[in-house]
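Values below: every heavy atom of this structure, side chains too, minus hydrogens, waters and symmetry copies.
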Amino acid sequence: MNARRLLALPLLATLLTGCGIRATEVPTDFGGAPSRVPCSLTEPDLSAQSSRGVPVQVFLLCGSSLVTVDRSVRVPDGTPDAKRRVLVAQGLLDQLAAAPSASEKEAGYTTYVHGGMSVSGPRPEDPEDTLRLSTAPDRLTSYALAQIVCTLSDSAAAEGDGSVILGGPGSSPLRRYECTDDVRSRPGTTEPPSGEVAAG
């Protein structure tokens, strides 16, 4: 009898210890609540904007989709339209490559566009609304390409029809890219639709 009681003790101890583990199987409200809803800025982030410049929006990645944030780019008054387009495009690229502000990082925003990328206008044989990147579009990650296409196509750097003609520094054919709802919601798996553009 005593031997049976002794054998039962380890079993009883195991059952009692298991009680503490069971609680994790049921969802609870314990623990610190997040201080901010992901991908939601409670108010405009003035630290990420310049007091002087043209108000613009750029697309950053948050969660698994693209979300717009407010920025500004500087363009001197009286700049001719053709040069203005390139200056706006360069400003947008610079803003995309800049690290998100502290509040944007806290809300989950990030960017895949690397610094050092430049943009130029059309070559003599290109359509007049062409933008040529120093890195060929097909060498960009799907996230970076989606950010750039959606930002540029929705700006004064493009023709305002939701598309943008992009090329690289080499002789690869130009392509007209579109920013669609699918691209904005799934930039990692959905590439911007594009079609080859004939030289002028």
Side-chain angles (χ1 to χ4, degrees), residues 44-61 66-101 104 111-184 187 191-200:
D45 189 351
L46 299 178
S47 67
Q49 302 178 42
S50 168
S51 57
R52 290 174 293 176
V54 180
V56 294
Q57 288 190 318
V58 299
F59 282 84
L60 298 184
L61 189 74
L66 294 179
V67 183
T68 57
V69 295
D70 295 327
R71 294 287 190 271
S72 65
V73 297
R74 294 184 182 185
V75 180
D77 290 337
T79 304
D81 285 349
K83 189 174 181 182
R84 180 184 177 86
R85 287 180 57 253
V86 175
L87 287 176
V88 169
Q90 184 63 61
L92 290 169
L93 282 182
D94 293 343
Q95 292 292 342
L96 283 172
S101 67
E104 288 168 348
T111 183
Y112 279 77
V113 178
H114 296 295
M117 192 184 309
S118 61
V119 62
S120 59
R123 294 174 181 168
E125 69 277 9
D126 294 342
E128 64 179 5
D129 54 342
T130 299
L131 294 171
R132 286 189 172 270
L133 305 176
S134 58
T135 300
D138 60 6
R139 297 185 64 86
L140 298 168
T141 67
S142 58
Y143 288 117
L145 180 61
Q147 282 185 260
I148 291 171
V149 167
C150 288
T151 296
L152 293 179
S153 66
D154 191 38
S155 76
E159 292 299 301
D161 62 354
S163 69
V164 61
I165 298 177
L166 295 178
S171 57
S172 298
L174 301 172
R175 301 190 73 82
R176 181 181 291 277
Y177 294 87
E178 292 179 49
C179 177
T180 64
D181 290 340
D182 284 344
V183 173
R184 285 189 288 269
E191 288 197 0
S194 66
E196 192 170 318
V197 176

Chemist: Could you tell me whether the side chain of Leu60 reaches within less than 4.5 Å of the side chain of Val67, counting heavy atoms only?
Modeler: no
Chemist: Are Thr151 and Gln95 close enough, and set up right, to give a side chain to side chain contact (heavy atoms under 4.5 Å, CB included), and what steps lead you there?
Modeler: CA-CA 10 Å; Thr151 296; Gln95 292 292 342; over 6 Å; no
Chemist: May I ask you to test the His114-Thr135 pair for a side-chain heavy-atom distance under 4.5 Å?
Modeler: no
Chemist: On a heavy-atom basis, which atom in Arg71 and which in Val69 lie closest, and how many Å separate them?
Modeler: NH1-CG2, 3.6 Å
Chemist: Pairs in or reaching into residues 169-179: which pass salt bridge (Lys or Arg N to Asp or Glu O under 4.0 Å), with residues at least two apart or in two chains?
Modeler: Asp129-Arg176, Asp161-Arg176
Chemist: So, Thr111 side chain and Leu96 main chain: donor-acceptor pair closer than 3.5 Å or not?
Modeler: yes
Chemist: Below 4.5 Å, heavy atoms only, C-beta onward: do Val56 and Ser155 meet side chain to side chain?
Modeler: no
Chemist: Which residue pairs pass the salt bridge (Lys or Arg N to Asp or Glu O under 4.0 Å) test when at least one of the two sits in residues 82-101, sequence neighbours left out?
Modeler: none
Chemist: Can you see which heavy atom on Ala157 is nearest to which on Leu131, and at what distance?
Modeler: O-CD1, 3.8 Å
Chemist: In sequence, state the C-alpha distance, the side-chain angles, and the governing distance for Leu93 and Leu133, and then conclude on side chain to side chain contact (heavy atoms under 4.5 Å, CB included).
Modeler: CA-CA 10 Å; Leu93 282 182; Leu133 305 176; 3.9 Å; yes
Chemist: Shortest non-hydrogen contact from Ala146 to Pro192?
Modeler: CA-CG, 4.1 Å
Chemist: What I'd like to find out is whether the side chain of Leu152 reaches to under 4.5 Å of the side chain of Leu166, using heavy atoms alone.
Modeler: yes
Chemist: Of the non-hydrogen atoms in Ser163 and Ala158, which two are nearest, and what is the gap between them?
Modeler: O-CB, 3.5 Å
Chemist: Any chance you could measure Ile165, atom CD1, to Ser153, atom OG, to the nearest 0.5 Å?
Modeler: 12.0 Å
Chemist: Strictly distance-based, threshold 3.5 Å: is any side-chain N or O of Gln147 a donor or acceptor partner for the main-chain N or O of Tyr112?
Modeler: yes
Chemist: Under a 4.5 Å cut-off applied to non-hydrogen side-chain atoms, are Leu87 and Pro76 in contact?
Modeler: yes
Chemist: Does atom CZ (Arg139) have a neighbourhood of more than 12 heavy atoms from anything else shown, all under 6.0 Å?
Modeler: no
Chemist: Could you tell me if the side chain of Tyr177 sits less than 4.5 Å from the side chain of Leu145, heavy atoms only?
Modeler: yes
Chemist: Does Pro122 reach the side chain of Arg132, with side-chain heavy atoms less than 4.5 Å apart?
Modeler: no
Chemist: Just so I know, are the side chains of Cys179 and Asp154 near enough to count as touching, which here means a heavy-atom distance under 4.5 Å?
Modeler: no
Chemist: Distance-only, no hydrogens or angles: does the Ser134 side chain make a donor-acceptor pair with backbone N or O of Ser118 under 3.5 Å?
Modeler: yes
Chemist: Is there a donor-acceptor pair under 3.5 Å between the side chain of Glu191 and the backbone N or O of Val183?
Modeler: no
